[in-house]
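Inspection log for the structure reproduced underneath, given as structure tokens.
Below, each value reflects all heavy atoms present in this structure, side chains not excepted, and no hydrogens, waters or symmetry copies. Just so you know, ligand 1 is whichever comes first in the structure, and atom 1 is the first atom listed for that ligand.
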Amino acid sequence: MPDRYYSSEPIEGPAVTLRDNEAHHLLHVMRAKPGFELVVFDGNGGEFAAVVAACQRSTVELSVGERQDIERELPFELTLAVSLPKGDRLRWLLEKCVELGVTRFLPLHTTRSIGNSSGGSKKEPGAKLARYVIEASKQCGRNRLMEIANPIAWPALLTETNYMRHLLAHPGGQPLAEINCQTNKGNDLLLVVGPEGGFTDEEVSQAVGAGWEVVSLGERILRIETAALALVSAITLH
Ligand code: SAH
């Protein structure tokens, strides 16, 4: 796959300007000169072959070719609601979710969640996380960015009705192997993973009451990111 760059500006015409990290990488890491060939995408689907037309001090002008309607998305929408792990573990989780095709990443606050549920720094909430998503998309070839939704609290999540199916990971649930993981196009799914302290009995019974499936991922207690990735992989690779 050729080097891929992300344009924060929608690509609409025959030229686009790359700025910030993307321009920095081209100018100072790749030492690109006019004529350098690359692929550019704007996160709204499709990608474009492009050529460096001009290099400025901190921006790079690209001359953009035809749009290629290449999508590397799942055939259904997959939302992962998850209590956020900290630091590098969150970064790792986000990256892997992008690679596996998660459509929407929903930070979840439950009774036993601790700390800030947005995962962003105080100064620029979300900017760091968005950057992880862009980097992972460049690497894995996704042309649509995984959405990082605003954090949601458990009671509000329970009332979300946009999904055909809801799977909640909880030790002692029904073994995943006994569950039909087959998904069809348009069959949007919500996967839910709890905090290190787990879901409370009340939360689990509320989920059951709402018709959600409570699934076990084996006999061992997994960390948040392992549980999330195991569940996402089981669903996406079927
Ligand atoms: N101490 C908690 C475990 C928390 S692990 C407890 O015993 O419930 C963090 C989250 O990962 C859990 O809330 C659950 O969503 C998921 N998880 C971890 N291990 C799991 C397993 N074996 N089966 C299903 N879900 C699991």
Side-chain angles (χ1 to χ4, degrees), residues 74 76-120 129 132-133 136 146-183 187-238:
L74 298 172
F76 53 91
E77 293 208 349
L78 183 61
T79 298
L80 172 69
V82 59
S83 223
L84 299 190
K86 296 243 179 297
D88 283 352
R89 293 169 53 209
L90 172 57
R91 176 183 191 151
W92 187 87
L93 173 59
L94 277 168
E95 260 177 32
K96 305 307 153 207
C97 285
V98 172
E99 290 171 36
L100 288 168
V102 171
T103 322
R104 190 159 164 257
F105 185 95
L106 190 50
L108 172 65
H109 195 84
T110 69
T111 309
R112 294 188 183 142
S113 297
I114 28 175
N116 145 19
S117 56
S118 75
L129 307 192
Y132 299 156
V133 170
M146 179 176 79
E147 178 194 344
I148 302 185
N150 289 327
I152 191 166
W154 172 258
L157 184 71
L158 262 187
T159 64
E160 291 241 330
T161 52
N162 312 335
Y163 308 98
M164 295 288 289
R165 225 175 147 190
H166 309 74
L167 302 184
L168 177 118
H170 185 64
Q174 190 179 1
L176 195 62
E178 291 174 11
I179 289 215
N180 175 14
C181 289
Q182 211 77 43
T183 40
N187 199 352
D188 299 346
L189 259 146
L190 175 68
L191 308 181
V192 189
V193 173
E196 296 300 355
F199 289 108
T200 61
D201 291 345
E202 191 189 4
E203 286 164 344
V204 175
S205 49
Q206 286 169 337
V208 172
W212 296 14
E213 294 162 87
V214 177
V215 298
S216 158
L217 301 169
E219 295 310 312
R220 294 153 305 282
I221 297 296
L222 310 177
R223 298 198 87 175
I224 297 169
E225 65 276 25
T226 320
L229 262 289
L231 189 53
V232 168
S233 308
I235 297 297
T236 56
L237 302 178
H238 251 78

Classify the contact between Glu219 and ligand 1 as side chain, backbone, both or neither, using a heavy-atom distance cut-off of under 4.0 Å.
neither
Contact partition for Thr226 relative to ligand 1, non-hydrogen atoms under 4.0 Å
neither
Answer yes or no: is there a donor N or O on one side and an acceptor on the other, between the side chain of [X] and the main chain of [Y], under 3.5 Å?
X	Y	result
Thr103	Leu78	yes
Glu203	Thr111	yes
Arg112	Phe199	yes

Which of the atoms of ligand 1 are close to Val215, meaning less than 4.0 Å from one of its heavy atoms?
24 (C)
Within 4.0 Å of some non-hydrogen atom of Gly198, the atoms of ligand 1 are 2 (C), 4 (C), 8 (O), 13 (O)
Within the structure provided, determine whether [X] and [Y] are in side-chain contact (heavy-atom separation under 4.5 Å).
X	Y	result
Pro85	Arg223	no
Arg104	Glu77	no
Phe105	Leu93	yes

Nearest protein heavy-atom contact for [atom]: which residue, which atom, what distance?
atom	answer
atom 18 (C) of ligand 1	Leu222 O, 3.1 Å
atom 23 (N) of ligand 1	Leu217 N, 2.8 Å
atom 26 (C) of ligand 1	Pro171 CD, 3.9 Å
atom 11 (O) of ligand 1	Ala227 CB, 3.5 Å
atom 25 (N) of ligand 1	His170 N, 3.2 Å
atom 22 (N) of ligand 1	Arg220 O, 2.7 Å
atom 4 (C) of ligand 1	Glu196 O, 3.1 Å
atom 9 (C) of ligand 1	Pro195 O, 3.1 Å

Please name the pair of heavy atoms, one in Ala169 and one in Leu231, separated by the smallest distance, quoted to 0.1 Å.
CB-CD2, 4.1 Å
Smallest heavy-atom separation, Leu74 atom then Val102 atom, equals CD1-N, 4.5 Å
Any N or O of Gly218 closer than 3.5 Å to N or O of ligand 1
yes
For atom 13 (O) of ligand 1, which candidate among Gly194, Ser83, Ala230 provides the closest heavy atom?
Gly194
Can you tell me how far CG of Leu100 sits from CD1 of Ile235, rounded to the nearest 0.5 angstrom?
12.0 Å
Quick check: are there more than 12 heavy atoms from other residues, nucleotides or ligands sitting under 6.0 Å from CG of Asn180?
yes
Check if Ala228 has a non-hydrogen atom at a distance under 4.0 Å from any atom of ligand 1.
no
